[in-house]
There are 2 protein chains.
Amino acid sequence: MKQTSDRESIKSVEKGFRLLACLYQANRPLALEEFVTLSGYKKTSCFRLLKTMLGLEILERGPNSKTYQFGPQLVSIGLAALKNMSLIKTALPVLQALRNETHETVNLSMRDGNEIVFVERLMSNYIVNPNINVGDRLPVYCASMGKAILAFMRAEHAEELIGQLNFQAKTKRTITTAAALKKELNEIRKNGVAINDEELEKGLRGVAAPIFNHTGEAFAAVNVVWTTARHPSRKMFDRFTPTVVAAAEKISARMGCGSNTSSPRSSGCAVSWGKSSGRKTRRRRTETDSGRRGASC
Amino acid sequence: MKQTSDRESIKSVEKGFRLLACLYQANRPLALEEFVTLSGYKKTSCFRLLKTMLGLEILERGPNSKTYQFGPQLVSIGLAALKNMSLIKTALPVLQALRNETHETVNLSMRDGNEIVFVERLMSNYIVNPNINVGDRLPVYCASMGKAILAFMRAEHAEELIGQLNFQAKTKRTITTAAALKKELNEIRKNGVAINDEELEKGLRGVAAPIFNHTGEAFAAVNVVWTTARHPSRKMFDRFTPTVVAAAEKISARMGCGSNTSSPRSSGCAVSWGKSSGRKTRRRRTETDSGRRGASC
DNA sequence: ACGATAATTCCTTATTCCGGAATTTAGTGT
DNA sequence: ACACTAAATTCCGGAATAAGGAATTATCGT
């Protein structure tokens, strides 16, 4: 979590959330002493902050009785936040349209560190729906949405993230090196979409397009996923591409990515993901393609 | 949200969360002035608290530019909290077993005010899965899990909640009066489980059992749901009852509902939900059946 | 463009939080 | 069972910080 510390900000509040951030990064219950180490605050301060949040049921005691972990109130507020967040509210109708058009499962996720978090999900009526729920996470490098976001983030920022990745092959096709990932990201920038070709799970394919915030940086993505069992042809990549891109652009526009309404370049494109990787170029945002910031916003 | 205000707690932190609670109750973006009204704090204080949380991306600006709403960091932390929360961690293996045994969709939810919030959900492989996601909410009175929790809460507390309900008929069978609900809750207390007989959606049935915390109060529930299309017989209620109850008891026990391990009374019961409402009694917690507090914990 | 309403900044006072040390509790090994 | 260790919790004076009023600036509606 960011450190703002402008004076004119309330330090105790920042500290409270910093402790929550510690818990969140550790991803397990923590004892007082561990909070002290991780946060750098003095023991007494941590103790009182934690006690305060315990009282509010933002935290609860962990299994080892002396540890702290997230409490029900935080979950309640968090889930309410999810449903009220601008991204989801603006994206939902677009997602519904996308699902109705494709008849496949569509997802919305946002990046959080090296991972993407699923924040909304509309299921197809077909039987095999990969067992993913809202709140689940995937590493960026093996998810179409992760790659789409990475490709359209500020280049330095993306670079830094890629450096931290710990690649693990989920299938034979999973990208497992930084070099391969960067090459792929170039393709994605050319095409405006990212695909997932059984890189996460055998038989599972998807197409994702990035969603931009008001600063012009990609922070979220939409995708459509399907199984090779039902749609064996690689043509499906091309088939879904314009639809997904159009949906993503619509969401970006509504998210306040400024005058995006004036760029009617979303339909009728033909990108060949048909072979092993795209060749025809369809530049989406032509600026610098690296270090874009505030582009068209 | 509760007011603790014990000295020895950090007030600024409480205030920060109180503002979040305002936002959460309002369920829409709020302007500074509205926070002032709702919280009772002075304008300057609210302003700085909000500004602080904006800086941390716990909040973001709403569409009307001057309003505040939940931000991405809160969603990230909230979803991480969800996955790390003790309830879910302890319940997950039990839920998986339950799903494998029943082959139907199973849900875990907790109560939040007048609503239940879905916190985990394992889907059946059948086609028709009601379009509900983690984070979604339902009114307590038209959900099996809601009724199960209500039936096994502290009686005064339940009474108070029922008073606040605003009944709306979702189907012909939806419970729409406080009197009918209380009658049903009595049945539920006798049987140890709550059923949903197309009260939320035509063709949708379910059985739910309550989960108790260490104070002996029900705060969450598990259920199994299915469609009448696939299982038309009312016998399914009885069929799933012992399994669901056993699962709920196992979760309660693991949640620290004390010496529950010593009560092997969960299997082999036969409750007749077969007709319109149960008749055979199977008392589950025999104490007072009202105003229980700390029972068996 | 103008008026009204709400947001933001500034400054002083008093409160609240910080942090060291003392005390209690819990956990561990013999 | 008992002592010993390590961590959690309480206490208190000093100092930084948040509160609150008033003044200023921005924003919205007409």
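Side chains included, hydrogens not; waters and symmetry mates left out as well; all remaining heavy atoms used. Letters go in sequence order (proteins before strands), and every chain restarts at 1.
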Listed nucleotide nearest any side-chain atom of B/E33, set D/dG21, C/dA7, D/dA18: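 Side chain of B/E33 sits closest to C/dA7.
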
Closest nucleotide among D/dT9, D/dT27, D/dA8 to the B/K66 side chain: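 Looking only at heavy atoms from C-beta outward on B/K66, the closest nucleotide is D/dT27.
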
Heavy-atom side-chain proximity of B/L87 to B/M255 below 4.5 angstrom: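 Yes, their side chains come closer than 4.5 Å.
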
Heavy-atom side-chain contact between B/F47 and B/V36 under 4.5 Å: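 With C-beta onward as the side chain, the pair stays apart.
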
Partner residues of B/A26 under the side chain to side chain contact (heavy atoms under 4.5 Å, CB included) criterion, sequence neighbours left out: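 B/R28, B/L30.
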
Side chain to side chain contact (heavy atoms under 4.5 Å, CB included) against A/T67, all qualifying residues, sequence neighbours excluded: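 Once residues adjacent in sequence are excluded, the partners of A/T67 under the side chain to side chain contact (heavy atoms under 4.5 Å, CB included) criterion are A/P29, A/A31, A/P63, A/N64.
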
Sugar-phosphate only, base, or nothing, as touched by A/S45 at under 4.0 Å among non-hydrogen atoms: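 Answer is sugar-phosphate: A/S45 comes under 4.0 Å of backbone atoms only.
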
Sugar-phosphate, base or nothing in reach of B/Y68, heavy atoms under 4.0 Å: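 The residue B/Y68 makes sugar-phosphate contact but no base contact.
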
Separation of [X] atom [atom1] from [N] atom [atom2], in whole Å?
X     : N      : atom1 : atom2 : result
B/L32 : C/dT9  : CG    : P     : 12 Å
B/R61 : C/dT8  : CZ    : C1'   : 10 Å
B/L50 : C/dA6  : CG    : P     : 16 Å
B/K15 : D/dG20 : NZ    : C1'   : 10 Å
A/F47 : C/dG20 : CZ    : P     : 17 Å
A/K43 : C/dA22 : NZ    : P     : 13 Å
B/F35 : C/dT8  : CZ    : P     : 12 Å
A/K11 : D/dA19 : NZ    : C1'   : 17 Å

Distance test, side-chain N/O of A/K51 to OP1/OP2 of D/dT10, below 4.0 Å: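 A/K51 to D/dT10 OP1/OP2: side-chain N or O found under 4.0 Å.
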
Phosphate OP1/OP2 of C/dC18: any A/K42 side-chain N/O under 4.0 Å: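 So the side chain of A/K42 is outside the cut-off, no N or O lying under 4.0 Å from OP1 or OP2 of C/dC18.
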
Heavy atoms from other residues, nucleotides or ligands near NZ of B/K83 exceed 12 (cutoff 6.0 Å):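 Enclosed: over 12 neighbouring heavy atoms sit under 6.0 Å from NZ of B/K83.
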
5'-most by nearest nucleotide on DNA chain C - B/E34 or B/T44: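 Looking at DNA chain C, the more 5' nearest nucleotide goes with B/E34.
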
Any N/O donor-acceptor pair, B/R48 side-chain to D/dA19 base, under 3.5 Å: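 For B/R48, whose side chain was compared with the base of D/dA19, there is a donor-acceptor pair (under 3.5 Å).
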
